[in-house]
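Have a look at the structure below before the remarks.
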Amino acid sequence: MTIADKVKMLDGKEIPVFGFGCYNSYGEEITNAVAAALDAGYRYIDSAARYRNEAEVGAALKNFAGKREEIFVLSKVWPTAYDAVEASVEKSRKELGVEYLDAMLLHWPGTDETRRLRAYETLLQLRDKGRIGTVGVSNFQEEQIETIKEQFGAYPAILELEVHPGYQQNALQDFCAERGIVRIAYSPIGRGRYQENEVLQALSRKYGKTTSQVILRWHLQRGTVPIPKSGHKERILENADVFDFCLTEEEMEILRGLECGGRMGLDPLTFNG
Ligand SMILES: NC(=O)c1ccc[n+]([C@@H]2O[C@H](COP(=O)([O-])OP(=O)(O)OC[C@H]3O[C@@H](n4cnc5c(N)ncnc54)[C@H](OP(=O)(O)O)[C@@H]3O)[C@@H](O)[C@H]2O)c1
């Protein structure tokens with residue numbers, strides 16, 4: 001596996017196996033970080049209207065030396081914009097400075113099912129008009145994903161969800177894997193919280209890799225697409241340097257044992273934006 005590899009989605013399109021997260025970084029820092037990530041070989045940029053930095057991300061995309069079709073640009077619609085999805089998509093597209101978005105997700109399910117389904121339907125319409133490539137969701141639960149299938153005849157191609165060793169969401173991940181839904185792991189290194197973990201430190205010593213690299217490798221071997229974020233070039237390079245070692249089956253099992261229900265993000269069952 002290499003950073004340039006891609007995986008096929010339910011809609012026949014492809015997404016890179018590794019991405020770069022753009023949350024919580026602004027101004028020149030995020031422009032330089034995205035540029036460094038593209039230089040380092042990252043080919044999927046994970047953006048969102050909510051990050052309020054899409055123009056700065058776009059400044060780096062504009063200077064990308066390769067062809068537009070070599071990179072995968074994903075953005076998300078925030079729940080408070082579910083009555084104005086088309087405008088939100090258009091704003092993201094313009095700020096990112098791209099002709100089309102490779103994927104667009106509903107960022108959170110919210111508690112209002114009617115609104116959620118209407119927003120999803122609008123994304124499907126925009127896809128059918130060729131304005132976006134792939135339609136997906138983030139932070140959705142099994143039942144909400146099944147409802148989409150019942151209403152629109154197909155599963156979303158992507159579920160972006162919080163995953164790191166202490167919060168693995170194994171049941172939801174298995175549910176997606178069985179249905180061919182691509183899983184994107186957000187906060188994949190738990191925002192740096194595993195540096196002192198002894199199990200990870202032991203693997204870190206064995207492979208001559210950092211604990212973050214061990215975790216990112218674990219995601220890849222589980223078939224989950226990790227999207228680590230860093231504002232620092234050396235960490236951007238470090239996080240991408242995970243394609244030259246392999247954890248054993250036994251080690252994968254040991255890491256499974258780190259699950260402890262340690263969600264860091266918001267509660268998808270109640271959050272409305
Ligand atoms: N769909 C959603 O609801 C949702 C929610 C949250 C996040 N996301 C997406 O997922 C992306 C990643 O998640 P995240 O930003 O929450 O967390 P993360 O990628 O797990 O961690 C980022 C944090 O870890 C630090 N870091 C990065 N590389 C490191 C390394 N090698 N060693 C030690 N520390 C390191 C970064 O600091 P420095 O920047 O200082 O290096 C930053 O503070 C986001 O950027 C966003 O695109 C999506």
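Heavy atoms only: backbone and side chains are in, while hydrogens, waters and symmetry mates are out. Every number for a ligand or one of its atoms is a count from 1 in the order of the listing.
- Listed for the Thr134 side chain is no donor-acceptor partner under 3.5 Å among the backbone atoms of Ala103.
- Residues lining ligand 1 at a heavy-atom distance below 4.0 Å are given as Gly21, Cys22, Tyr23, Asp46, Tyr51, Lys76, His107, Trp108, Ser138, Asn139, Glu160, Tyr186, Ser187, Pro188, Ile189, Gly190, Arg191, Gly192, Gln195, Ser212, Ile227, Pro228, Lys229, Ser230, Gly231, His232, Arg235, Glu238, Asn239, ordered by chain and residue number.
- Shown here are the side chain to side chain donor-acceptor pair (under 3.5 Å) partners of His164, two or more places apart in sequence or in another chain: Glu162, Tyr194.
- Atom CG of Leu101 and atom OG of Ser92 lie 6.5 Å apart (nearest 0.5 Å).
- Atoms CH2 and CG, on Trp108 and Leu266 in that order, are 4.5 Å from each other to the nearest 0.5 Å.
- Two rings, from Phe18 and Tyr42, have their centers less than 6.0 Å apart.
- Both tests do not hold together for Arg115 against Tyr120: distance to the six-membered ring centre under 6.0 Å, angle to the ring axis within 45°.
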